[in-house]
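A short worksheet on the structure shown next.
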2 protein chains.
Amino acid sequence: MKTPIKKFRKYIDDNNLQVTRQRIDIAGVFLESRRHLSVDELYELLRNRGISAGRATVFRTLKLLNKSGVADEVDQGDKVTRYEVKTEDTHHDHLVCTVCDSYIEVYSSQIEEMQEKLCAEHGFKPSSHRLDIFGICLKCSKKKGNKKCI
Amino acid sequence: MKTPIKKFRKYIDDNNLQVTRQRIDIAGVFLESRRHLSVDELYELLRNRGISAGRATVFRTLKLLNKSGVADEVDQGDKVTRYEVKTEDTHHDHLVCTVCDSYIEVYSSQIEEMQEKLCAEHGFKPSSHRLDIFGICLKCSKKKGNKKCI
DNA sequence: TTTTCATTTGAATATGAATTTCAATTTCAT
DNA sequence: ATGAAATTGAAATTCATATTCAAATGAAAA
């Protein structure tokens, strides 16, 4: 099992790209963070840690991480593309809270199987899918106000 | 059971809006079409039929149709918001072909049930969801070239 | 019908995220 | 160290979405 950072370095090698300070810094902070991050969010996170990197570089590095198979794109339906660290284990779906924007990652092999069956019935060859359930998380449904759930 | 156009008119009435030529024309063409339409696509469709309406009006009318409960937003993951006529029957998921951009609407009550269960396990109150499976449709997988499937 | 007042329209403009440009800088191999 | 090639990042561009505002239209009153 290869670590994300090794995967990233391998991709860089294989494609005759260079290992630069920015790429290492950006990948490092991204991989540590266990959140869904947009370009701007990651850019700010880097700034807060005193790491200098331009937005364009953050943007390009996230694309690179995605192509390396280290990062997955996630679309929370708000027109902003975010990325998450691709887990070694299976694909997962999301329960997205519309009050606090937090999310829970879930996985159901039964649902996956159903999907396979559904595709087969239509002669459709699936390559990826996305299941997002929007609603209200436990914390928020217990609260009165509209404060963020952290 | 109310027809979509009546629903739309009721919404207009209830909100002290006006029934205008443009709104009727735009809603008419949208409801006839059985496709997913973006603002620009619907705008072009209208032009082709010799119906004059500005992009801004098409944009606003689609929002209005959405609020009326006549149109649903669909996100094909390509950063363009499209709308589809909301069906009377249950919600459906999509098998989206990444070669020709066509899609098949599918529905599986079993998958829906699984989703409910999954949410319940996490104390999550679902309000909506989105399941899109991306892959290659039957027609495209039979073809050599990359021509559109229509 | 004519006046009055609010709503609607649509061309133009603004917004904002995604993406690209390009000159300056950095990296790597020699 | 040198030079070719890749990278960086500020600024510009693109493109869909959203808003502005003056002119047009609609509805209600006179």
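In what follows, chains carry the letters A, B, and so on, assigned in the order in which the sequence lines appear, proteins first and then strands, with residues in each chain numbered from 1.
- Looking at heavy atoms from C-beta onward, B/Arg35 lies out of side-chain contact with B/Glu84 at the 4.5 angstrom threshold.
- With respect to B/Arg82 and B/Glu41, a salt bridge is recorded, a charged nitrogen being found less than 4.0 Å from a carboxylate O.
- A salt bridge links B/Asp25 with B/Arg21: at least one charged nitrogen is closer than 4.0 Å to a carboxylate oxygen.
- Counting heavy atoms from C-beta outward, B/Tyr83 and B/Glu73 have side chains that approach closer than 4.5 Å.
- Rounded to whole angstrom, the span from the CD1 atom of B/Ile26 across to the C1' atom of C/dT8 amounts to 11 Å.
- Salt bridge status for A/Lys10 with A/Asp14: present, with a side-chain N to carboxylate O gap under 4.0 Å.
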Pick out the pairs of N or O atoms, protein on one side and nucleotides 24-29 of chain C on the other, that lie under 3.5 Å.
unit_1: C/dT27; atom_1: O4'; unit_2: A/Gln18; atom_2: NE2; d: 3.4

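- The distance from atom CG of A/Leu62 to atom P of C/dA18 is 10 Å, rounded to the nearest whole Å.
- Rounded to an integer number of Å, the gap from A/Glu41 CD to C/dA17 C1' is 12 Å.
- A straight line from OH of A/Tyr83 to C1' of C/dA17 spans 12 Å, rounded to a whole angstrom.
- The pair B/Glu32-B/Arg49 meets the salt-bridge criterion, since a charged nitrogen lies less than 4.0 angstrom from a carboxylate oxygen.
- One can place CG of B/Asp13 at 14 Å from C1' of C/dT7, the figure rounded to the nearest angstrom.
- Residues B/Ile111 and A/Leu118 form a side-chain contact, since some pair of their non-hydrogen atoms from C-beta on lies under 4.5 Å apart.
- Mapped onto DNA chain C by nearest heavy atom, B/Ala56 and B/Lys79 fall at different nucleotides, with B/Ala56 at the one closer to the 5' end.
- Residue B/Ser38 is classed as having no contact, given no heavy-atom separation below 4.0 Å to the nucleic acid.
- Protein chain B touches strand DNA chain D; the 5'-most and 3'-most nucleotides with an atom under 4.0 angstrom of its non-hydrogen atoms are D/dA16 to D/dG26.
- Atom OH in B/Tyr43 sits roughly 13 Å away from atom C1' in C/dT9 (whole-Å rounding).
- Comparing B/Arg82 and B/Arg60, the nucleotide of DNA chain D nearest to each residue sits closer to the 5' end for B/Arg82.
- Checking C/dG10, C/dT8, C/dT19 against the side-chain heavy atoms of B/Arg23 singles out C/dT8 as nearest.
- Remark: P of C/dA11 and CZ of B/Arg55 are 9 Å apart, rounded to the nearest angstrom.
- Between B/His129 and B/Asp93, the closest side-chain pair of non-hydrogen atoms falls below 4.5 Å.
- Remark: B/His94 engages B/His36, B/His92, B/Tyr103 in a ring pair (Phe, Tyr, Trp, His ring centres under 6.0 Å) (not counting sequence neighbours).
- Taking atom NZ on A/Lys63 and atom C1' on C/dA17, their separation rounds to 12 Å, with Å as the unit.
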